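Here is the structure we will look at, set down as C-alpha cells.
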Amino acid sequence: ETVTSNNNIIIFCNSKYKCQLLAKNTTIVLTNCLSGNNSNSNIIKKRNLIIQSLYQTPVGLCPILHECIPVGVAYHNAGLTIDERRLVEDGFRSSIINVLFTTSTLSAGVNL
C-alpha cells in the first residue's frame, strides 16, 4: 500500500547484510504484487536515471541496487560509497525510491 500510493518508508536494520537481504526480499515480493500494475512512466524513467548514475560511479552499479531500484526499493549502509549514498538519498527524498532499508549511517547526519 505504501509503494502503490507513492509514500515512503524507512526500515532500520542492525547490519549491512540485513539491509541488503531485506531489500532483495522486498523487491521479490513487490515485483510479484505489482506485476500487471502500470507504474507511472515518469517514475520509471527517474529510477532508470538513478541506475545509470550509479553505474557511472567509480565502483560501478551494485547488482542488488540494480534489482531493487526499478521497483522503488533500495538500501543505505556503510558498504556504499558517498556517491552511491547521495544518489539513494536523493531518490528517497524525491519519492523515486519508496522503501529504504538502512543502518545507522542514514541517521548520522542526513535529514530526510
Side-chain angles (χ1 to χ4, degrees):
E1 186 178 329
T2 297
V3 174
T4 58
S5 59
N6 204 36
N7 291 315
N8 294 353
I9 185 169
I10 297 175
I11 296 114
F12 285 92
C13 305
N14 62 357
S15 72
K16 294 188 299 184
Y17 172 76
K18 195 73 141 190
C19 285
Q20 294 169 335
L21 179 66
L22 290 172
K24 283 177 69 170
N25 289 343
T26 302
T27 295
I28 292 167
V29 170
L30 286 178
T31 299
N32 292 332
C33 290
L34 300 176
S35 65
N37 183 7
N38 293 331
S39 296
N40 181 330
S41 63
N42 189 37
I43 294 290
I44 292 169
K45 287 177 188 176
K46 289 178 180 180
R47 288 176 181 161
N48 286 332
L49 286 174
I50 292 173
I51 290 170
Q52 289 173 6
S53 297
L54 286 166
Y55 182 75
Q56 294 173 1
T57 63
V59 295
L61 177 59
C62 164
I64 297 171
L65 289 175
H66 187 255
E67 285 179 47
C68 297
I69 290 175
V71 295
V73 177
Y75 70 89
H76 184 290
N77 62 38
L80 298 177
T81 66
I82 292 171
D83 292 335
E84 291 171 312
R85 289 183 202 177
R86 182 186 49 79
L87 288 164
V88 168
E89 291 165 12
D90 290 348
F92 187 79
R93 222 179 261 116
S94 59
S95 295
I96 297 166
I97 295 170
N98 303 104
V99 181
L100 185 61
F101 293 92
T102 184
T103 59
S104 58
T105 58
L106 188 67
S107 62
V110 178
N111 184 8
L112 295 177

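Scope of the values below: all heavy atoms of this structure, side chains included, with no hydrogens, waters or symmetry mates. Since we're looking at a predicted model, the values are computed, not measured.
A distance of 8.5 Å separates CG of Leu22 from OG of Ser15, quoted to the nearest 0.5 Å. The CD1 atom of Ile64 sits 5.0 Å away from the NZ atom of Lys24 when rounded to the nearest 0.5 Å. Taking CD of Glu89 as the reference point, atom CG of Leu100 lies at 8.5 Å (rounded to 0.5 Å). Rounding to the nearest 0.5 angstrom, the gap separating the OG atom in Ser41 from the NZ atom in Lys46 is 10.5 Å. Atom CD1 of Ile43 is separated from atom CG of Asn98 by 7.0 Å, given to the nearest 0.5 angstrom. For the atom pair SG of Cys62 and CD1 of Ile51, the computed distance is 11.0 Å after rounding to the nearest 0.5 Å.
Between Cys13 and Tyr75, every side-chain heavy-atom pair lies at or beyond the 4.5 Å cut-off. Under the 4.5 Å side-chain criterion, counting only non-hydrogen atoms from C-beta, Asn77 is not in contact with Tyr17. Using a 4.5 Å heavy-atom cutoff, the side chains of Asn48 and Lys45 are not in contact. The closest side-chain heavy-atom distance from Ile69 to Leu54 is below 4.5 Å. Contact annotation: the side chain of Asn25 never approaches that of Val29 to less than 4.5 Å [non-hydrogen atoms, C-beta and beyond]. Considering only heavy atoms from C-beta on, Leu87 comes within 4.5 Å of Thr57 through its side chain. Side-chain contact between Ile11 and Thr26 is absent, with no heavy-atom pair separated by less than 4.5 Å.
Note: the hydrophobic cluster containing Ile97 also contains Ile9 (ILVMFWY, side chain heavy atoms under 4.5 Å, direct or indirect links). A continuous path of ILVMFWY side-chain contacts below 4.5 Å connects Val88 to Leu61, so both sit in one hydrophobic cluster. Transitive grouping of hydrophobic side chains (ILVMFWY, heavy atoms separated by less than 4.5 Å) brings Ile10 and Phe101 into a common cluster.
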Q. Yes or no on side-chain contact (heavy atoms from CB on, under 4.5 Å) for Leu65 and Leu80, after CA distance, side-chain angles and deciding distance?
A. CA-CA 11 Å; Leu65 289 175; Leu80 298 177; 4.0 Å; yes
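The number of heavy-atom neighbours closer than 6.0 Å to OH of Tyr55, taken from other residues, nucleotides and ligands shown, is 12 or below.
Of the possible donor and acceptor atoms, none in the side chain of Arg85 sits under 3.5 Å from a partner among the backbone N and O of His76. For the pair Asn8 (side chain) and Phe92 (backbone), a donor-acceptor distance under 3.5 Å is present.
Closest of all the heavy-atom pairs between Thr102 and Cys19 is C-SG, 3.4 Å. Residues Cys68 and Ala23 approach most closely at SG-O, 3.6 Å, considering heavy atoms.
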